[in-house]
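Just so it is clear, the model here is predicted, and its values are computed rather than measured. Whatever order the structure lists ligands and atoms in, that order sets their numbers, starting from 1. Residues take their numbers from the sequence shown, with the count starting at 1.
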Amino acid sequence: MFNLHGKDVVSILDFNRELIEDVFNAAYIMEKYARGVGLNLLKGKIMATLFFEPSTRTRLSFESAMYRLGGSVIGFTSAEASSVAKGETLSDTIKTVENYCDCIVLRHPAEGAAKLAAELANVPVINAGSGAQEHPTQALLDIYTIKRELGRVDGLEIGIVGDLKYGRTVHSLVYALSLFNVNLSFVSPPGLRLRDEIEEDLRRKGIEFKYYEDIEKIIPNLDVIYVVRIQKERFPDPAEYLRVKGSYKITSSLISKAKSNCIILHPLPRVDEISLDVDSRPQAKYFIQTYYGLCMRMGLLSMILANKEDLKQLFYSSK
Ligand code: NCD
């Protein structure tokens, strides 16, 4: 319960299975307080959200989580709205903002930005997306959703569909799932396969995985269908993007071939990779996933920022 106290969350690779389970336990307790009631656990604490890239869910759920816990929020939502537009460096921004808050939630287009910020800041830094590299808190909420909706994670057949090359949520999710006993299937156009270094890591850990170009082949076996959009903004060459644009789509007729109790997840935003008629299917869980994200972020912020005695009391009284 205290092993994240005062800590940064830069990479999912810093988590072991036990720590992930601790976060899930905290998230579960927070489900009671995530709708309307709230808590005073982080009263007097300030969280800064420094978002150098667009965001809806990640920023708003972190902010909502902080308010629900009795804390406050400051921040900016684009580089243009901050002194970065005047030429200020990330280091100077971090060394300033740390004086105004108790933790920093950072989203930045540069891989390694969160790591740099964590090294510089005296307050905990949470990575809310570092370029195409990682998005660790998204992976935590993705797996928390699986656990809450299917009751377990071990033993499941999980298909990850879409832009595996540039999708940072995919990278963190794959690393996190490698701590569980799951079978992974990757479905993508050939040009959007996982980065070599992630594949090598999986092989080294003895994780079984297979690639498919066509989801039809494996959809009847899957317990979890995790879909990501093509990350248009990360393509160095627009021609490369045009080649893969629109190359996969989850439709309602495709879902009729899936298990009736499988779940469809998506970190969102959706562009065209899940058709709108899938939303009314019972398997569609991508909106409830955003709610689990709020609960998970409440749990995570409490573990990082709450007074240890208060946290202990809350945990024991919730047992
Ligand atoms: C994702 C992201 O920003 O990486 N969104 C999110 O945080 N929920 C996924 C995406 O942008 O496709």
Trainee: Looking at residues at least two apart in the chain, or sitting in another chain, which of them share a ring-ring contact (aromatic ring centres under 6.0 Å, His included) with Tyr248?
Mentor: none
Trainee: Which side-chain N or O atoms in residues 106-120 pair as donor and acceptor under 3.5 Å with protein atoms at least two apart or in another chain?
Mentor:
unit_1	atom_1	unit_2	atom_2	d
Arg107	NE	Ala128	O	2.8
Arg107	NH1	Pro54	O	2.8
Arg107	NH2	Thr58	OG1	3.1
Arg107	NH2	Ala128	O	3.1
Arg107	NH2	His135	NE2	3.2
His108	ND1	Ala110	N	3.0
Glu111	OE2	Arg195	NH2	2.7
Lys115	NZ	Glu119	OE2	3.3

Trainee: With rounding to the nearest 0.5 Å, note down the distance linking CG in Leu173 to OG in Ser178.
Mentor: 10.0 Å
Trainee: If a pair satisfies ring pair (Phe, Tyr, Trp, His ring centres under 6.0 Å) and one of its residues is in residues 155-199, list it, with sequence neighbours excluded.
Mentor: Tyr166-Phe235, Phe186-Phe209, Phe186-Tyr211
Trainee: Under a 3.5 Å cutoff, is there a donor and acceptor pairing between the side chains of Arg281 and Ser252?
Mentor: yes
Trainee: Exactly which residues line ligand 1, taking a heavy atom under 4.0 Å from it as the test?
Mentor: Thr58, Arg107, His135, Gln138, Arg168, Thr169, Arg229, Gln231, Pro267, Leu268, Pro269
Trainee: Would you say Asn16's side chain and Glu18's backbone share a donor-acceptor pair under 3.5 angstrom?
Mentor: yes
